[in-house]
Amino acid sequence: MFQSWNLALVIVNMGLISAIMALGVNLQWGFAGLFNVGIMGFVALGGLATVLVSMPPVEEAWQVAGIQLISGLLMGVATIVVAIVAAQKMAKGRARNITVVAILVVGFILYRALFDPAVGKIEAINPAQFGNIGGLNLPIILAWPVGGLFAAAAAWVIGKTALGLRSDYLAIATLGISEIIIAMLKNEDWLARGVKNVIGLPRPVAYEVDLQRDPGFAETASNLGIDVTTASTLYVKFSYAFLFTIVLVILLVLAQLALKSPWGRMMRAIRDNEVAAEAMGKNVTARHLQIFVLGSAICGIAGAMMTTLDGQLTPGSYQPLRFTFLIWVMVIVGGSGNNYGAVIGGFLIWFLWVQVEPLGNWLMQLITSGMEDGALKSHLLGSAAHMRLFTMGLVLLLVLRFSPRGLVPEN
């Protein structure tokens with residue numbers, strides 16, 4: 001607020017989204033002890049949902065290759081389903097192995113024969129502007145739950161494959177799968193233009209230009225003593241903050257109800273001692289899958305909200321440092337196992353992440369103000385860019401040393 005109201009609202013909006021991401025990770029780690037470092041992939045799937053839901057369809061793409069594209073995708077899904085059914089129905093042995101391999105090979109050949117030509121046709125349609133299939137042209141706010149569904153579906157597939165692994169191997173598997181998701185977004189241009197990005201996503205709130213042209217809004221801004229340009233910007237950011245707060249409150253209330261329920265107590269019992277919980281008749285793997293899907297869905301919702309706020313999908317911007325490890329710092333610092341702690345950690349760490357670099361630059365300028373120009377002064381001024389990482393590490397070390405259970409420990 002001392003810098004500007006606009007900056008304050010930007011920090012608040014991204015803090016709200018970060019808090020939602022931290023809440024999703026806290027469900028997985030704080031409730032069930034699942035070490036998921038593939039958060040980035042689920043956030044990216046939420047971003048993909050905004051494109052597929054809100055952008056208008058590319059009519060020419062659907063005309064020239066729509067049926068062929070869908071046929072190829074259905075062939076791929078059918079191949080996997082038939083292979084699974086064959087593996088389940090046939091007795092173990094060489095015949096089953098040969099049959100499953102034959103189904104996969106033949107199905108893959110048919111899939112590529114249908115899918116590749118369709119993709120080539122779609123990506124050739126005005127690639128500077130389109131080259132993709134577009135979306136459903138629905139309100140973008142509907143993409144938020146759809147982003148959760150995308151992430152939940154991916155989490156179910158990952159969970160069925162990887163949840164049998166020990167915690168360290170689960171972490172490696174989820175990180176690798178999230179990189180696969182990002183690679184898919186970058187390279188499958190037909191889906192969301194790849195690294196060419198999708199810009200101009202519609203908004204769930206008003207545009208600043210439309211507000212500035214509204215005589216009633218201009219009069220209200222004038223009565224408040226604010227110029228119409230600043231007033232329109234603040235109005236839009238407050239509108240986003242209002243929507244994001246509603247989502248955060250709903251998810252926080254649901255998470256608290258789950259935590260205090262018999263299901264939540266069962267999850268914590270499984271987290272604390274899987275062997276004892278299994279001996280009491282609890283299906284540990286099924287419960288782990290449940291919580292993994294729920295936490296990932298929340299991350300997908302947050303990813304869709306973030307892309308909505310940005311107004312564009314840029315697959316190249318999804319980096320593990322920002323969308324995985326920083327979220328983990330939020331959960332650890334806030335208090336693992338405490339939903340309120342995860343929210344507080346999300347706001348605090350995001351605030352530090354944004355503000356530390358300019359503060360570090362100011363500090364280095366102050367320290368070097370009396371120094372002569374030279375290598376040492378240049379080195380110190382150049383080090384300001386690394387203050388973010390230094391501060392994150394310092395905060396994490398201090399919290400782990402003096403409050404190892406986080407700022408708001410689990411009850």
Side-chain angles (χ1 to χ4, degrees), residues 9-25 38-57 130 132-155 178-179 181-208 236-237 239-248 251 296-324 326-327 346 350 353-354:
L9 288 172
V10 168
I11 295 174
V12 166
N13 284 330
M14 283 304 301
L16 288 164
I17 294 172
S18 298
I20 293 173
M21 293 182 190
L23 192 62
V25 175
I39 305 162
M40 173 182 65
F42 301 117
V43 172
L45 287 173
L48 174 63
T50 61
V51 176
L52 298 182
V53 169
S54 67
M55 293 298 287
F130 298 114
N132 66 315
I133 58 175
L136 299 175
N137 204 24
L138 297 173
I140 196 168
I141 202 166
L142 296 178
W144 299 359
V146 172
L149 290 175
F150 280 9
S178 73
E179 290 289 351
I181 293 172
I182 299 301
M184 179 194 71
L185 289 182
K186 289 180 178 179
N187 292 286
E188 299 296 329
D189 289 8
W190 64 273
L191 188 61
R193 287 177 51 79
V195 294
K196 292 181 287 188
N197 306 334
V198 176
I199 61 174
L201 291 171
R203 287 181 173 182
V205 299
Y207 286 88
E208 289 88 346
V236 169
K237 289 183 170 62
S239 300
Y240 275 120
F242 177 72
L243 291 174
F244 294 165
T245 301
I246 291 175
V247 176
L248 175 59
L251 292 175
S296 300
I298 292 176
C299 291
I301 292 171
M305 293 166 61
M306 185 186 68
T307 305
T308 302
L309 180 64
D310 292 340
Q312 59 183 356
L313 175 66
T314 55
S317 67
Y318 291 103
Q319 301 293 332
L321 176 64
R322 166 66 183 92
F323 295 107
T324 294
L326 191 63
I327 306 302
W350 177 252
W353 183 258
V354 172

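Only a predicted model underlies this, so the values are computations on that prediction, with no experimental measurement involved. FYI, side chains are in, hydrogens and waters are out, and symmetry mates aren't considered; it's all heavy atoms of this structure.
- Atom-to-atom distance recorded for Thr307:OG1 and Leu48:CG is 9.0 Å, nearest 0.5 angstrom.
- With sequence neighbours left out, the ring pair (Phe, Tyr, Trp, His ring centres under 6.0 Å) criterion links Tyr318 to Phe323.
- A side-chain donor-acceptor contact under 3.5 Å links Thr50 to the backbone of Gly47.
- Remark: the backbone N or O of Asp189 is not paired with any side-chain donor or acceptor of Asn132 at under 3.5 angstrom.
- Residue Leu45 holds its CG atom at 10.0 Å from CG of Leu52, rounded to the nearest 0.5 Å.
- In this structure, Ile182 and Ala44 approach most closely via the heavy-atom pair CD1-CB, 3.4 Å.
- Nearest heavy atoms, Phe244 versus Leu16: CB-CD1, 3.7 Å.
- Trp350 is not listed as a side-chain neighbour of Ile17, based on a closest heavy-atom distance of 4.5 Å or more.
- The two residues Leu142 and Val146 make their nearest non-hydrogen contact at O-CG2, 3.2 Å.
- Side-chain contact between Val236 and Arg203 is present, with heavy atoms from C-beta onward closer than 4.5 Å.
- Ser178 places no side-chain N or O within donor-acceptor distance of the main-chain N or O of Ile39, the cut-off being under 3.5 Å.
- When all heavy atoms are compared, the tightest approach of Pro202 to Ile140 is O-CD1, 3.1 Å.
- Taking both residues in full, the closest heavy atoms of Ser18 and Gly346 are given as CB-O, 4.1 Å, listed atom of the first, atom of the second, then distance.
- A heavy-atom distance below 4.5 Å is found between the side chains of Met40 and Glu179.
- Annotation for Ala192 and Val51: closest pair CB-CG1, 4.3 Å, computed over non-hydrogen atoms.
- Contact annotation: the side chain of Ile301 approaches that of Met305 to within less than 4.5 Å [non-hydrogen atoms, C-beta and beyond].
- The structure places CZ of Phe42 at 6.0 Å from CD1 of Ile181, a figure rounded to the nearest 0.5 Å.
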Does the side chain to side chain contact (heavy atoms under 4.5 Å, CB included) test come out yes or no for Arg193 and Val198, once each step is laid out?
CA-CA 6 Å; Arg193 287 177 51 79; Val198 176; 4.0 Å; yes

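- Side-chain atoms of Ile327 and Arg322, non-hydrogen and from C-beta on, do get closer than 4.5 Å to each other.
- Distance check, rounded to the nearest 0.5 Å: NZ of Lys186 to CG of Leu191 gives 15.0 Å.
- At a threshold of 4.5 Å between non-hydrogen side-chain atoms, the residues Ser54 and Asn137 do not count as touching.
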Stepwise side chain to side chain contact (heavy atoms under 4.5 Å, CB included) test for Thr308 and Leu201:
CA-CA 7 Å; Thr308 302; Leu201 291 171; over 6 Å; no

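- Between Phe242 and Val205 the shortest side-chain heavy-atom distance does not fall below 4.5 Å.
- Annotation: side chain of Met14 is in contact with side chain of Leu309 (closest heavy-atom distance under 4.5 Å).
- The distance from atom OG of Ser317 to atom CG of Asp310, rounded to the nearest 0.5 Å, is 7.5 Å.
- With values rounded to the nearest 0.5 angstrom, Leu136 atom CG is found 12.0 Å from Met55 atom CE.
- Counting heavy-atom neighbours within 6.0 Å of Ile199 CD1, excluding the residue itself, gives a total of 12 or less.
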